Colleague: 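One structure coming up, written as structure tokens, with questions to follow.
Naming convention: chains lettered A, B, ... in sequence-line order (proteins, then strands); numbering from 1 in each chain. Model, not experiment: these values are computed from the prediction.
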Protein chains: 2
Amino acid sequence: MPDPPPSLDPVQLGAYFALIEVTSLLRHAVEQQLREAGDLSYVQFQLLARLGDAPTGSHRMTDLADGVVYSRSALTYQAGLLEKAGLVTRAQAEDDERGTTVTITDAGRERLARVFPGHIEIVQQLLFEPLSGADVKALAALLEPVRDHMRAIPPRSAAPRRRRHAS
Amino acid sequence: MPDPPPSLDPVQLGAYFALIEVTSLLRHAVEQQLREAGDLSYVQFQLLARLGDAPTGSHRMTDLADGVVYSRSALTYQAGLLEKAGLVTRAQAEDDERGTTVTITDAGRERLARVFPGHIEIVQQLLFEPLSGADVKALAALLEPVRDHMRAIPPRSAAPRRRRHAS
DNA sequence: TATTGTTATACTCTATAACTATA
DNA sequence: TATAGTTATAGAGTATAACAATA
């Protein structure tokens, strides 16, 4: 067998294209709402939401970076913006002197609260309106395993031929 | 009823988050592959693919812009890059003196062909590997109506609190 | 030595508004 | 007037590599 089949069947193509377009349109609408309602980019919202979800309201930089897929420097940049806006604080981690702990502030939670209703409204209208309860369940059941698979398979270097540190 | 319910149930949240993360990871992997294999951004690939699909290999600028959601100027920028790289040509439309027709070149088709196998391989491995044939069918059946709904509902101005049809 | 995080830098991409030309 | 497309501009965001400090 010559490795993986070099094509997608029509059904796969349909699913793939629909997935791409649905997410693209949804993302676009959400970004607009977040910007208008709370002057937040999507990434900033994700960071705030992640902090807001945490029991302590805090995360290490590395944890945040892992969750958002970005480079460290991109996270530093965004954390800097959020800090300047008073939505988070940064402090040295207690257990590891190298680390930085990011914590959401009251203003951050407030901002999150201000933005959330509109966010949910859009997701509800755009994504879920045409789906029945059973549909939503089915969608989650389909996508959650895919997500787990994606998280597991490529540690972060889904590169076909990359190899680091050849020392 | 106070308009739309201000929350998502746990199943909806699961579906929403999985959708976002799956697409984000997939997109990231695909972008990397396109860049490495053919020095193309995702947008550029989309444009080329759209032109390659067209019977004539051509599209009007406006048609391309509509499909890629972007602003006109962003499209002009990308078309300029593709033209500079010799992957497309731009010429005045025949029927409408205002219009510009973009056409994919042989080099453009070649580039597309060079990039496609790796693209498909990634989608196959990341998205479809954990899904059965029936799953894929179900996924398409769920997402395609959502896509149609999204295309139809908000003409492009999903304003946060505007209520349309107040007539 | 490896890891955490920051900084400097360069680059890509996008949107807005002003502008030209045609319908 | 409205539409098609371009241009100028300005801003947001990202990645890379070099760096400092701690493990």
Colleague: Categorize Q44(A) for me: base, sugar-phosphate, or nothing, with a 4.0 angstrom heavy-atom threshold over every strand shown.
Modeller: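 Sugar-phosphate: the residue Q44(A), judged by heavy atoms under 4.0 Å, touches backbone atoms but no base.
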Colleague: Is there a donor-acceptor contact under 3.5 Å from the side chain of Q12(B) to the main chain of D9(B)?
Modeller: yes
Colleague: Quick one: closest heavy-atom pair of A37(B) and V115(B), and the distance?
Modeller: C-CG2, 4.1 Å
Colleague: Would you confirm whether T76(A), through its side chain, and R72(A), through its main-chain N or O, come within 3.5 Å as a donor-acceptor pair?
Modeller: yes
Colleague: Could you tell me whether the side chain of T103(B) and the main chain of T89(B) form a donor-acceptor pair under 3.5 Å?
Modeller: no
Colleague: What is the distance from CG of L34(A) to C1' of dA12(D), rounded to the nearest Å?
Modeller: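 Distance, rounded to whole Å: 15 Å.
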Colleague: Side-chain contact test, heavy atoms from C-beta onward, threshold under 4.5 Å: evaluate it for D95(B) versus R60(B) and give yes or no.
Modeller: yes
Colleague: Using a cut-off of less than 4.0 Å, is there contact between a side-chain N or O of R35(B) and OP1 or OP2 of dT12(C)?
Modeller: no
Colleague: Among residues 75-89 of chain A, which contact DNA chain D at a heavy-atom distance under 4.0 Å?
Modeller: Y77(A), Q78(A), L81(A)
Colleague: Looking just at side-chain N and O atoms, do Q124(B) and E129(B) make a donor-acceptor pair shorter than 3.5 Å?
Modeller: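 No, because no side-chain N or O of Q124(B) sits under 3.5 Å from a partner of the opposite role on E129(B).
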Colleague: Rounded to the nearest angstrom, tell me the gap between atom CE in M61(A) and atom C1' in dA21(D).
Modeller: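 Those two atoms, CE and C1', are 16 Å apart.
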Colleague: Looking at residues 94-104 of chain A, who's got a heavy atom less than 4.0 Å off DNA chain C?
Modeller: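 Residues of residues 94-104 of chain A under 4.0 Å from DNA chain C: R98(A), G99(A), T100(A).
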Colleague: Applying salt bridge (charged side-chain N to carboxylate O under 4.0 Å, His left out), run through E31(A) and R35(A) and close with a yes or a no.
Modeller: CA-CA 6 Å; E31(A) 278 179 347; R35(A) 183 61 71 189; over 6 Å; no
Colleague: For residues A140(B) and P145(B), report the shortest heavy-atom separation together with the two atoms involved.
Modeller: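 Residues A140(B) and P145(B), closest heavy atoms: O-CD, 4.1 Å.
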Colleague: When the distance from CD of E31(B) to P of dT12(C) is rounded to whole Å, what number comes out?
Modeller: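 Spelled out: CD on E31(B) to P on dT12(C) is 15 Å.
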Colleague: Look at R114(A) together with E110(A) and state whether they make a salt bridge at an N to O cut-off of under 4.0 Å.
Modeller: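 Judged by the 4.0 Å cut-off on N to carboxylate O distance, R114(A) and E110(A) do not form a salt bridge.
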Colleague: Can you tell me if R72(B) touches the phosphate of dA4(D), counting only side-chain N or O atoms and a distance under 4.0 Å to OP1 or OP2?
Modeller: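 The answer is yes; a side-chain N or O of R72(B) sits under 4.0 Å from OP1 or OP2.
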Colleague: Please verify the inter-ring angle class for Y42(B) with F45(B); under 30° counts as parallel, over 60° as perpendicular, anything in between as tilted.
Modeller: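 Ring orientation, 0 to 90° scale: tilted.
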Colleague: Are the side chains of Q78(B) and V43(B) in touch, meaning some heavy atoms are under 4.5 Å apart?
Modeller: yes
Colleague: Measure the distance from CD on Q46(A) to P on dG13(D) and round it to the nearest whole Å.
Modeller: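 It works out to 13 Å between those atoms.
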Colleague: Write down the distance between NE2 (H59(A)) and P (dT4(C)), rounded to a whole number of angstrom.
Modeller: 16 Å
Colleague: So which protein nitrogen or oxygen atoms get under 3.5 Å of nucleotides 17-19 of chain D's nitrogens or oxygens?
Modeller:
none

Colleague: Give a yes/no on whether any side-chain N or O of R60(A) is located under 4.0 angstrom from OP1 or OP2 of dG5(C).
Modeller: yes
Colleague: NA contact type, Q92(B), heavy-atom cut-off 4.0 Å: base, sugar-phosphate, or nothing?
Modeller: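 It contacts nothing in the nucleic acid.
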Colleague: Can you check the R90(B) CZ to dG5(D) P distance for me, whole Å?
Modeller: 10 Å
Colleague: For dA12(D), take OP1 and OP2 only and decide whether either is under 4.0 Å from a side-chain N or O of S41(A).
Modeller: no
Colleague: Would you please indicate if the ring centroids of H149(B) and F128(A) are separated by under 6.0 Å?
Modeller: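 Centroid separation for H149(B) and F128(A): 6.0 Å or greater.
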